[in-house]
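Worksheet for the structure shown next.
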Amino acid sequence: MIDRKALRTDASAMEEALKKRGEDVVAPDSTWKKSLTLDAQQRQLKSESEKLQAERNKVSKIIGLKKKNGEDASAELQSMAEVGKQTKLLDIKAKEAEVAFNLALLETPNIPHESVPDGQDESDNAEIRRWGSPRTDTVPAHWDIGEDLGILDFDAGVKLAGSRFSVLKGAGARMERALIQFMLDKHADVHGYEEVWVPVIANRKTMTGTGQLPKFEDDLYRLEGEDAFLIPTAEVPVTNLYQDMILDATQLPIKHCAHTSCFRREAGSAGRDTRGMIRQHQFDKVELVQLVHPDQALTALDDLLSHAAAILEALELPYRLVNLCAGDLGFSAEKTFDLEVWLPSQNTYREISSCSSFGQFQGRRAGIRFREEGGKPQAVATINGSGLAIGRTMVAILENYWQADGSVNIPLALQPYMAGLQKIQTKPTA
RNA sequence: GGAGAGAUGUCAGAGUGGCCGAAUGAGCACGCUUGGAAAGCGUGUGUACAGCAAUGUACCGAGGGUUCGAAUCCCUCUCUCUCCGCCA
C-alpha cells in the first residue's frame, strides 16, 4: 500500500500520479477521497479516545491505591464508569473508521514511478528494443502444430477439467519439464538466485501482502470451506516468505527463484485467447523475486529483467522489450517492463514475462522491513518477474522452430535437458 | 480424523486482577577493568500510532467479552507440540 504519512504530506502529488493510471481521484466516494477523509477521521477519534484512556489509567491507579489503604473510592469508581462508557463508544467509532480506512488504502493502487510513460492502455506502451530476427513466413498456430505432432491434447484437458485446460504428451510433457529445469538452473547457478519450493495454496493474509486481495478475489480460485486460495503466481508465496519480518540491511538483496503451477480464473477475459495454451487456468511458471533496499529498486529491476531476457536469448527466441505506460500498469506495480516474444502465427509479439518494481508497496502491506545500522525499520522494495512462463515459452518454441515438414526443432540450449533430442517429429502412422 | 498440552520481548523463562511493557538468565551493543583476551562490573537493548517536544496510547498468538482497572477471568478462532489412527 502507499505510505500513510505521504498521504497527508503529499496528497496532491499522489493524486496527479494516480490520475495517470486512470484511477478516479475526484469523485467524493472514490477510494482515494474516502481514504483521505477516513484517515483524518480515524486519527481524530483515536486521539480523543486516547485522552480519555490516559485519564482512566490515571484514576484507576488511584482507585487501586485507595482500595489498598481501605479508603473510600466510590466517587472515582462512579466517574470512571462514565469515562469507560465514553471510551468504548469512541473506540468503536475509531475502529470502524480504521477498518474502512484500511480497506480503502488496501484498494488504492501503487503510485507510478516518475519514469513511467504517460498513456491509457496497451497501445501507449513504449517499445524499448528488439532482439533477434522474427521469421515472417506463414506458420501454423501452435495448437495445430502441437496436435499434429501428438504432443498437445486440448480435448483431453476439457474432458478432465474444462475449458482452458490442456494435456501434454510425450515430447510435449518432456519439454515442459525440460524448460522448468533449464530456467531454474540458469537462475540458480548463473544469475545468483536461491531456489525455493513453496506451497501453491496461500491464505488471505498472504494474498493481501502482495496485493491480490482484497480487490481481485474474483480472479482467484478459492478453496471450499477455507479462507485460502490457489496462487496465481509464485510471487505470492515467495515474497511472503519474509512477511512480518525485520531484516538486517546486510541481508539485502535477497534473490529467489521458484517454479510453481499458477492458477487463474481469467474471470475478465472471456473470449480472449480461448484456443491454445496462451491463456490457461493452470500453467507453470518460473518466477524471480528480489527484496532490495528501496534505493536499489530500479537497478534491481534492470538486473532481474536481464535475467529473464537471458532465457529468451539462450533459447534464441526473438522478443521485444516494452515499458508499460501508466494506464497499463498492474495494481501493485510502480513500474513494469514486459518481455514479448515473437509469435509468427499471429504475426505479433505476445507477453511472455512481466517484470515489475513494486517499490515499498508490497513491503508495507506484507510487513517486510529491514533496519540499517542504528536506524528505524523501513519497508523493503520488492521486484519480481517471470523467468519465464513455461507454457508460453513452449508456444513460442513450437512456432518459431516449426519446419515446413511439420516437425519442430529443439533449441540447442534445451537439447541437453531433453536427452539430446534435436527434433520433434510426427510418429510414422502404421 | 480422535485425545491431551501449550502460545509472553532476540532467545530461554517467570508472572492467576492494580505496584507489569512485563522478573530473572542468556544474547547483543557501549563503557570500565586488562599488555591482550576471558571472567567480572556498570549502562543500554521491542514495535506501532499521535505530537516540534515533553509525553501519551496500544500491543504478552488473533478477535470479542467481564471490570474503575486484564498478560492474568470468560467465550470464539488460529497455530504449535505429544500420543493414537491413516498415509505419498
Side-chain angles (χ1 to χ4, degrees), chain A residues 1-11 35-106 197-209 213-214 222-229 237 240-251 261 360-361 363-380:
Chain A
M1 59 193 136
I2 56 179
D3 182 28
R4 185 167 181 177
K5 279 196 182 130
L7 199 68
R8 309 204 278 266
T9 55
D10 251 349
S35 62
L36 286 182
T37 50
L38 285 168
D39 171 54
Q41 226 176 69
Q42 192 273 141
R43 284 184 301 134
Q44 168 68 25
L45 288 164
K46 185 141 185 229
S47 130
E48 279 176 42
S49 155
E50 282 185 1
K51 270 183 212 147
L52 283 181
Q53 285 179 71
E55 168 78 5
R56 185 200 66 194
N57 288 347
K58 217 190 290 172
V59 177
S60 286
K61 254 182 202 144
I62 295 172
I63 293 174
L65 282 172
K66 282 201 169 181
K67 285 203 162 177
K68 204 168 161 187
N69 299 332
E71 294 171 45
D72 175 46
S74 54
E76 284 85 355
L77 278 172
Q78 211 175 355
S79 67
M80 280 309 100
E82 189 50 40
V83 169
K85 269 182 212 149
Q86 282 181 40
T87 312
K88 201 153 279 179
L89 257 165
L90 274 172
D91 277 347
I92 290 170
K93 280 195 204 160
K95 184 85 188 177
E96 277 171 6
E98 195 186 335
V99 167
F101 169 75
N102 276 334
L103 185 65
L105 201 63
L106 285 172
W197 184 90
V198 293
V200 294
I201 290 173
N203 60 29
R204 181 170 294 274
K205 184 178 180 190
T206 297
M207 284 292 184
T208 306
L213 292 179
R222 171 149 182 208
L223 268 59
E224 177 79 36
E226 303 195 35
D227 208 17
F229 306 82
N240 279 287
L241 240 26
Y242 298 92
Q243 176 189 104
D244 290 326
M245 284 175 77
I246 300 178
L247 304 162
D248 196 279
T250 56
Q251 289 175 263
S261 292
Q360 294 174 288
F361 189 83
R364 282 192 210 99
R365 284 182 163 244
I368 309 173
R369 295 175 294 171
F370 74 101
R371 196 198 318 259
E372 285 176 298
E373 183 83 35
K376 281 224 153 221
Q378 52 177 318
V380 299

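Worth saying up front: this structure is predicted, and the values here are computed from it rather than measured. We name chains A, B, ... by the order of the sequence lines, and we start the count at 1 in each one.
- Side-chain atoms of A:Ser60 and A:Asn57 include no donor-acceptor pair closer than 3.5 Å.
- Screening residues 79-90 of chain A for salt bridge (charged side-chain N to carboxylate O under 4.0 Å, His left out), with sequence neighbours left out, gives no hits.
- Residue A:Gln53 places none of its side-chain N or O atoms closer than 4.0 Å to OP1 or OP2 of B:rG56.
- Using a 4.0 Å heavy-atom criterion, one finds that A:Glu76 contacts no nucleic acid atom at all.
- A salt bridge does not link A:Lys5 with A:Asp10: every distance from a Lys NZ or Arg NE/NH1/NH2 to an Asp or Glu carboxylate oxygen is 4.0 Å or more.
- Rounded to the nearest Å, the gap between the P atom of B:rA39 and that of B:rA26 is 11 Å.
- An OP1 or OP2 oxygen of B:rG18 is reached within less than 4.0 angstrom by no side-chain nitrogen or oxygen of A:Arg56.
- The side chain of A:Ala54 approaches B:rU57 more closely than any other nucleotide in the set B:rU57, B:rC68, B:rC19.
- A 4.5 Å side-chain heavy-atom check between A:Arg43 and A:Ser47 finds every atom pair outside the cut-off.
- At whole-Å resolution of the value, CG in A:Asp227 and C1' in B:rU78 are 12 Å apart.
- With rounding to whole Å, A:Lys85 atom NZ is found 12 Å from B:rU66 atom P.
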Completion exercise
Its contact letters, B for base, S for sugar-phosphate only and - for none at protein heavy atoms under 4.0 Å, make nucleotides 44-52 of chain B read ---SS-SS-

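- B:rC60 sits 16 Å from B:rU10 when the C1' atoms are compared, rounded to a whole Å.
- B:rA14 sits 25 Å from B:rG63 when the P atoms are compared, rounded to a whole Å.
- For the pair A:Lys61 NZ and B:rG17 P, the computed distance is 18 Å after rounding to whole Å.
- Residue A:Phe229 forms a side chain to side chain contact (heavy atoms under 4.5 Å, CB included) with just one option from A:Leu223, A:Leu213, A:Asn203, and that option is A:Leu213.
- Regarding A:Leu90, its CG atom lies at a distance of 15 Å from the C1' atom of B:rA58, rounded to whole Å.
- Look at NZ on A:Lys66: it is 17 Å from P on B:rG69, rounded to the nearest Å.
- Going from atom NZ of A:Lys205 over to atom P of B:rC79 covers 13 Å, rounded to whole Å.
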Handout entry: Paired and unpaired positions of RNA chain B as dot-bracket, Watson-Crick or G-U wobble under 3.5 Å, | denoting a partner strand
Key = ((((((((.[[[..)..(.....]]]((((((.......))))))(((((....))))).[[[[[..)....]]]]])))))))....

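- By the side chain to side chain contact (heavy atoms under 4.5 Å, CB included) test, A:Leu89 is found to be paired with no residue, residues two or more places apart in sequence or in another chain being considered.
- With sequence neighbours left out, A:Gln41 forms a side chain to side chain contact (heavy atoms under 4.5 Å, CB included) with A:Leu38, A:Ala97.
- Counting heavy-atom neighbours within 6.0 Å of A:Gln78 CD, excluding the residue itself, gives a total of 12 or less.
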Handout entry: side-chain contact (heavy atoms from CB on, under 4.5 Å) evaluation trace for A:Gln360 with A:Gln378
Key = CA-CA 9 Å; A:Gln360 294 174 288; A:Gln378 52 177 318; 4.1 Å; yes

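- Residues satisfying the side chain to side chain donor-acceptor pair (under 3.5 Å) criterion with A:Ser74, sequence neighbours excluded, are A:Asp72.
- Among the heavy atoms of the strands, none lies under 4.0 Å from A:Lys51.
- Nucleotides B:rG44 and B:rC49 have their C1' atoms positioned 25 Å apart, rounded to a whole Å.
- The separation between A:Leu77 atom CG and B:rC68 atom P is 7 Å, rounded to whole Å.
- OP1 or OP2 of B:rA58 sits under 4.0 Å from a side-chain N or O of A:Asn57.
- Distance CD1 (A:Ile62) to P (B:rC19): 14 Å, rounded to an integer number of Å.
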